[in-house]
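When reading the values below, keep in mind they use all heavy atoms of this one structure, side chains included, and skip hydrogens, waters and symmetry mates. Naming: A, B, ... by sequence-line order, numbering from 1 per chain.
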Amino acid sequence: MPELIAKSALAGHAPVTRLQTTLAEGSAAPITSVAPYPGRMDRVNAALAPLGLAFPAPNGQTRQGAARLIWTGRDQAFLIGAPAPDGLADHAALTDQTDGWAILTLTGPVAEATLMRPVPLDLRLGAFPPLRTVRAPLNHMQAILTRTAPDAFEIMVFRSMARTAWGELTEALEVLAARAQTA
Amino acid sequence: MRLTCPLCGERDRREFYYYGSEDYLNRPAPDAAPQAWDDYLHNRDNPAGVTRDLWYHDMGCSSWLVVTRNTVTHDILAVEAVADRKGGAA
Amino acid sequence: MRYSGLKVITEGLFGNKGWKPAWRDPAPKAEYDAIIIGGGGHGLSTAYYLAKNHGLTNIAVLEKGYLGSGNIGRNTTIVRANYFLQGNSEFYSHSMKLWEGLEIDLNYNVMHSQRGLINLFHSDGQRDAFVRRGNSMINQGDDAILLDREGVREMLPYLDFEQTRFPIYGGLYHPRGGTARHDAVAWGYARAADKRGVDLIQNCEVTGVDIENGRVTGVQTTRGAIKARKVGIVVAGRSSQVAAMAGMRLPIESHILQAFVTEGLKPVIDHVVSFGMGHFYISQSDKGGLVFGGDLDFYASYASRGNLPMVEHVMEAGMTLMPMIGRAKVLRSWGGIMDMSPDGSPIIDKTHVDGLFIDCGWNYGGFKAVPASGWCMAHLMATGESHPVAARFKLNRFATGHILDEEGTGSQHNLH
Amino acid sequence: MRLAGKGLIDRSTPVTFTFDGRSYQGYRGDTLASALLANDVRLVGRSFKYHRPRGILTAGSEEPNAMVEILEGNQQTPNVRATVQEVFDGLQARSQNRFPSLKFDLLGINNLAAPFLSAGFYYKTFMWPRPFWEKLYEPLIRRAAGLGSLSGRHDEAQYEKAWAFCDLLVIGSGPAGLMAAWTAAQAGADVILAEEDARMGGRLVSDNLRVDGQPGADWVEALLDDLKAMPNVRLMPRTTVTGAYDDGTYGALERVGLHRAPAPHLPRECFWRIVAGQTVLAAGALERPIAFPDNDRPGIMLASALRSYLHRYGVVPGNRITLIANNDAARATARDLMAAGVKVVAILDTRPDATALEDCPVYLNAQITGTAGHLGLTAITFRHAGGTATLETDCLAMSGGWNPTVHLTCHMNGRPLWREDIAAFIPAEGAVPRLTPAGACNGTFSTAGAFRDGLAAAHTALAALGRPAPDMALPMAEDAPYTITPFWQTPGVEGRQWLDFANDVTTKDVKLSAQENFRSVEHMKRYTTQGMAPDQGKNSNVAALAVLADATGRGIPQTGTTTFRPPFVPTSIAAMGAGGRGAGFAPQRFLTSDQASRDRGAPMIEAGLWYRPSYFPKPGEKTWLEACNREVTMVRESVGVSDVSTLGKIDIQGRDAARFLDLVYTNTFSTLPVGRVRYGLMLREDGHVLDDGTTARLAEHRYLMTTTTAAAGLVMRHLDFVHQAFCADWDVRFLSVTEAWAQFAIAGPRARDLLATLLGAAPDLPFMGVTDVSLGSTPARLFRISFSGEEGYELAVPTRYGEALFRDLVARAETMGGGPYGMEALNVLRIEKGFITHAEIHGRTTAFDIGMEKMVSAKKDCIGKAAAARPGMIGPDREQLVGLRASSAMTAGAHLFTPGDKVHRETDQGYITSVCWSPTLSAHLALAFVKDGRARHGTRIRVVDHLRKIDVLAEITDPVFHDKEGAKLRA
């Protein structure tokens, strides 16, 4: 059995830059869904402590070094960048999600404006500060959206929809560039 | 129309899936009379005014919500998570 | 006064001064043989057929607003008889036959136009479902033709056959399907009923239903009490409220359906086109406006107005299917209140109160049903028996599991 | 005619455009209307019904007459208001609704037939003979109706949709709007100022007004410079707020690229969704015409429009101008024109008691009784306090007073209120939550009043936002009272007096409607089509109401008003549907094997947003059926590989996972051993089948559920509901892993051999077993399940390895005489085996219907169990799943009849759901639902498909055709 070759969701898509803003494929591994069982949050947090993480509040994340735990929905967060610590599985359902998501990054001065085409959310800095993570639609797709810096976002969509997400964000960026050029 | 999801915050109506009256929460006992099942599945107060109905935060956190709202004015009066309601668990 | 082309010309020559009122404005009498609550399409046609088919003329239609102020005046005007299930197909077939003679019968041009309706399909599975439906239509004596992709292209060359998200495999063509001028249907029935002696009473809201010993005796209204031994509730959109006056809790949830019309355009769409995958249907009115709509707003509402998510969805559906309409501009949108039933089919039945009848639950298919609904409701009110073509529209069918669910989406009111 | 030195246009940038093929010059800053008037073009359109010659009435988006087609490449945009369209170099405009030319329009004959075309005439005729309606009358009407034309070609231009959020949305940038925006901006609020016009300022840039001693336009420029410098202010010119929706949501249409030549990726329009904490509506007011005989000739315009053309564009549309008005404000028109050196012939004031101040003849108690001029106004005849007179005039300015622009306040069912003193409707208080009207749209017509109103509205909004209001000085401006005496129509004259110009509705039509008892305002509107034209009655509704009130002897408040509905201005489908064209309508989902399948020439078909290979053609195969037959035989005889990753996969964990599955499935999963898989049937609560699939028990407290492709999302939502509604406290959690795993079916008698080469050893897995395996260092999961009826496995790997594994499996299969198979073969295989899909479980199917009623466990409750027991859900009257076998082709969708019966609805016995040619059994097979079908095995039934001309006999059989005992599965 030869080794199987891994392929990322957007392999072959070179970054796109318009108005100093770049759309690129990102990466994050491993991704483990952590879903605490009812009444076991204390023990979940105890198990997470060695990583320096705690279960995040809704729309938030906790991070320590390369490891982060981002809130992804009701009773659920994704542990990214570190394997699940021992003992966590006793108190939370753990599910490998590493391959389930395509990751896109959008960085630059018009990142916010670009996303406010397909995302029906108030992404103004005051309302959506860095390290905020939300579940939200990207047009007709479900997405996990994180502001990683004032001018940078990470967008996770179902892996099979990566090309649609890429196409829609590219179009939004192109349109903004054309608007800027003719303003 | 905007609903304030108890977890995600205020969101546009397009993020939610609508089911129907909160009657769907009051599942009769398996051996309840046929009339109880008929009422549960079909018959509705359907008020022109304040109602309580079920919404699902489909594009968000996957919470099922009970929304108290007015069917005439579209005012949203309250939103609570189905799972968090008192005595909600079977 | 009889309407005719000659009459239009002679009146025109004399300054149009001779036209008479289309209907009277009678004061309500103290008692009628029968009362119809609701002066919409279904109520007016019920009154008309009670008078015409059953000889009942001492009857009144009570309307809380103006005649035709409900969904008869707020719809996308589609007329079709293309149902799959027994119980529905014979009813709509009957309605189609009545449509086809309606102008002559009413002496009113309702502009019923059989320009043909095409239901597009986008997969083998959908094709099979439409074939199943088309065969039902033919078994019932109606018409249906299966079009392949090229057949659709020939009739609707403006569709996007190359890029659309859901490729067009073909369509079920229903040549007798079409449209009619919605307001004219209400006015035509109103005028014809009035002519047969029916009292059409506007601005008369029913506030109570009088019941004695399990039998209806009359109604309370904003214009006083009116007695009647037979009362028909025909108030789709408000059925739950009126039925509640008689102590009933209906299997109905009220929902908003938006529709849209564009500015007038020279003819581009000759048929009624229905795009099931995108919940989008469109036709072009004789005035030139594109009349189109989509799905419900999906939340229970009595507000007669909708919200943007469905507006945008409908427009996006139009753009993926027929991007040639992109530059047409939407002039007006509106919302009607739909009686949504748990299986998508209507109710024409007796109630637990003697002499009290109900006609409701038309979901968003009530317009085309106007003639047969009135015909069958009149039959029921006059004879006490269901008309054979409406025999399955029973109130208790949900309790017994005799469901008439064309879509197969189950007992969730807004999914039909 | 253009006046030197007047106007705000950019005279340094002349532009050339065409109208009806003729070339004209204008300046940047001109609208098409101002540029045409500057070139003395007065005739620009034809009316809808009578094809009357029409000119330009207004200077805004409410224009009912001057609508043109804009040509652009192979596209054309119909019904563009010349009063809104800005000119640019290369703009091509064309008049519409005329043939053969604007000056000579054949359908102008309609005008002569007008007595026979009165309101509602078509309801009274064209009924006989019946077939003539569709064949003759209707086609004639249709051809004559309509205004502009679409190109008929796909609109492939760029459009855009976007979101914006703000604390305060200010709609309109006249004095009230600017004051509100400025105040809120000073308070630190995030402000969006949306203005329909290309230039902000409202009447401040269209009238001769002074603010703080400066010309209005200069004051506006200075303020805009300040606003532009503020990071919390967003100015949105060319943006019309089109609709008010719930909870502070507004739709708005921005004209992004319509005022310039097209550029790549530059959207023509952007449809905004603006979410505002508070809103100030400062939409101004619309001047209204006056009805008098032949008041629709080119050259008859609104007085305020004349002032706009004068002050904004330096254009006067005539040489000898007359004014008719019923209010003081309009008389500034005459004064401004005279100040600019334009000849004003006379002022006609309809009021008997008005004063004469201007330096020109002023007639009081004046009423126009007629006008002359075929393609443009040449003269008017009128009566006045002192007699009658005729004046030669080529331009008549009229003002019937002002209607506050209340439209948005009606979008949420608010009904405006009649204010007698200004003879107009104003917004009802609280008509739109969180919206405060200010200025003219609220009935405050003076400039100073608008500033005051704007400030007050900002204070209201800021208070609601919890922000302190800054101290702001009110600018100094005119503060004249608004005085008006309503005058709607000239009484007691013959001749048609137009109300709704665009729809050709006259006062006679309204009176006729009342005469025929269409007395409700809604009846009148619908009967006459008053207010249903492109301007939606903006110019005419109030006057029509007054005429109706007069005809019925009621007052205006009692008569009521019709409802304004969104959009405020006609809004293109392409803008509101931006992104929907082509594939943008729904996300596309691609398998990891997608490219590999396409490389092999497989046509892809759409399934639940996914694209799946239909079949894999081999050289020499001419039809899909040849490929399909080969693939079926390949699976039956050797081994086939198929990507089944689209099936929904749900990871279910927790101590109550088993209990949870027992609740949602009809059958029992708590008894399933670890390492085994079971088929499960799921019902909706109403007792019909929701979905089916296999569920594996991976560990004591962990299951992996499989759903069908189509129902994956539905099932997830259902599980979430059952869990959160009925057992939120149970120890169970679940999550979709559909996307995390790529999964491939390996089916056929040589499946085990293939796996042996892959895994190094043949798998030792019982039928319906599951185990973890490794592919090199890649963890994988192997199921022994079959949807084909052969010995079958499904191998799942993390998605990133999917493509590699698919290519590898296919290569291995091919060395064994196998290969990939697609959806067509998959379908044949499952029909041969009698496995159902959503063709059979179509939403009306019960467990009883498909012969699975025994799978509804008697020992426990489950979702749907109670409802499934209703009498209508069971019994011989129901159509039951059977197999059909025939020697000639059957079709899905055919209906079934007992041989000998008449073919009719009433004798209908059922229908076919799935068909195939079975290469395995050399027979045509079908799955079907037949009344009491299980009792009819072995009997014959007639298959009738009228649509495809099929009429054959088939034998009713058990639905399982192939390997009934399942020996192959368990091999």
(request) Hey, could you give me the CG/CG distance between D:D190 and A:D122, rounded to the nearest 0.5 Å? (result) 8.5 Å
(message) Quick check on the interface: out of A:E168, A:Q76, A:R124, A:M161, who has the most heavy-atom pairs with chain D under 4.5 Å?
(response) A:R124
(message) Determine whether a donor-acceptor pair (N or O, by modelled atom type, separation under 3.5 Å) exists between the side chain of A:T164 and the backbone of D:Q588.
(response) yes
(message) Would you compute the distance between atom CE of A:M116 and atom CZ of D:R273 and round it to the nearest 0.5 angstrom?
(response) 10.0 Å
(request) Kindly check if the number of other-residue, nucleotide or ligand heavy atoms within 6.0 Å of CZ (D:R655) is above 12? (result) no
(request) Examine whether an atom of A:R163 lies under 4.5 Å from a heavy atom of chain D, and if so say whether it belongs to the side chain, the backbone or both; otherwise answer neither. (result) side chain
(message) Once rounded to the nearest 0.5 Å, what's the spacing between atom CG of D:L775 and atom CG of A:L4?
(response) 5.5 Å
(message) Within a 6.0 Å radius of atom CG on A:L125, are there more than 12 heavy atoms belonging to other residues, nucleotides or ligands?
(response) yes
(message) With a 4.5 angstrom heavy-atom cut-off, is it the side chain or the backbone of A:E171 that approaches chain D, or both, or neither?
(response) side chain
(request) Flag the one option from A:A113, A:P120, A:A35 with the top tally of heavy-atom pairs under 4.5 Å to chain D. (result) A:P120
(message) What part of D:R807 gets within 4.5 angstrom of chain A, counting heavy atoms only: side chain, backbone, both, or neither?
(response) neither
(message) To the nearest 0.5 Å, what is the distance between CZ on A:R159 and CZ on D:F590?
(response) 13.5 Å
(message) Quick check against the 3.5 Å criterion: does A:R117 have a side-chain atom that pairs as donor or acceptor with the backbone of D:W163?
(response) no
(request) Below 4.5 Å from any heavy atom of chain A, which atoms of D:V275 appear? Answer side chain, backbone, both or neither. (result) neither
(message) Between A:V119 and chain D, with a heavy-atom cut-off of 4.5 Å, which part of the residue counts as in contact: side chain, backbone, both or neither?
(response) backbone
(request) Give, as side chain, backbone, both or neither, the part of D:D594 having an atom under 4.5 angstrom from any heavy atom of chain A. (result) side chain
(message) Using 0.5 Å steps for rounding, measure from the OG1 atom of A:T182 to the CG atom of D:L266.
(response) 4.0 Å
(message) Heavy-atom cut-off 4.5 Å, strictly under: side chain, backbone, both or neither for D:L735 against chain A?
(response) side chain
(request) Measure D:W741 against the heavy atoms of chain A and call it side chain, backbone, both or neither at under 4.5 Å. (result) neither
(request) For the pair A:R40 and D:D731, find out whether any cationic side-chain nitrogen is under 4.0 Å from an anionic carboxylate oxygen. (result) yes
(request) Answer yes or no: is there a donor N or O on one side and an acceptor on the other, between the side chain of A:D99 and the main chain of D:T799, under 3.5 Å? (result) yes
(message) For A:N139, which atoms come within 4.5 Å of any heavy atom of chain D: side chain, backbone, both, or neither?
(response) neither
(message) Minimum heavy-atom separation for D:S777 and A:E3, please, with both atom names.
(response) OG-OE1, 2.7 Å
(message) If I measure from the heavy atoms of chain D, does A:L121 come under 4.5 Å with its side chain, its backbone, both, or neither?
(response) backbone
(message) I need the residue from A:P38, A:S160, A:A127, A:A178 with the largest number of non-hydrogen atom pairs under 4.5 Å to chain D.
(response) A:S160
(message) Take a 6.0 Å sphere around CZ of D:R28 and say whether it holds more than 12 heavy atoms from other residues, nucleotides or ligands.
(response) no
(request) Please indicate whether A:D42 has more than 12 foreign heavy atoms, meaning atoms of other residues, nucleotides or ligands, lying under 6.0 Å from its CG. (result) no
(request) Could you tell me which portion of D:A164 (side chain, backbone, both or neither) has an atom closer than 4.5 angstrom to a non-hydrogen atom of chain A? (result) backbone
(request) Heavy-atom distances under 4.5 Å only: say whether D:S645 touches chain A with side chain, backbone, both or neither. (result) neither
(message) As an exercise: rank D:P587, D:S736, D:A804, D:G802 by heavy-atom pairs under 4.5 Å with chain A and give me the winner.
(response) D:P587
(request) Output, in order, the C-alpha distance, side-chain angles, deciding distance and verdict of side-chain contact (heavy atoms from CB on, under 4.5 Å) for D:R800 and A:K7. (result) CA-CA 5 Å; D:R800 81 194 97 140; A:K7 202 165 170 180; 5.6 Å; no
(message) Taking side chain as everything from C-beta outward and backbone as N, CA, C, O, which of these in A:I31 sits under 4.5 Å from a heavy atom of chain D? Side chain, backbone, both or neither.
(response) neither
(message) Heavy-atom cut-off 4.5 Å, strictly under: side chain, backbone, both or neither for A:S8 against chain D?
(response) neither
(request) Give a yes or no on this: more than 12 heavy atoms of other residues, nucleotides or ligands lie within 6.0 Å of atom CG of D:D599. (result) yes
(message) Do A:Q97 and D:E739 pair up side chain to side chain, a donor and an acceptor below 3.5 Å, judged on atom types alone?
(response) no
(message) Between D:F271 and chain A, with a heavy-atom cut-off of 4.5 Å, which part of the residue counts as in contact: side chain, backbone, both or neither?
(response) neither
(request) Answer yes or no: is there a donor N or O on one side and an acceptor on the other, between the side chain of A:Y37 and the main chain of D:G654, under 3.5 Å? (result) yes
(request) Considering only heavy atoms and a distance below 4.5 Å, find which of A:L123, A:L176, A:L94 pairs most often with chain D. (result) A:L94
(request) Could you check which of D:R733, D:R589, D:H265 has the highest count of heavy-atom pairs closer than 4.5 Å to chain A? (result) D:R733
(message) With rounding to the nearest 0.5 angstrom, report the CD to CD distance, D:E160 to A:E174.
(response) 12.0 Å
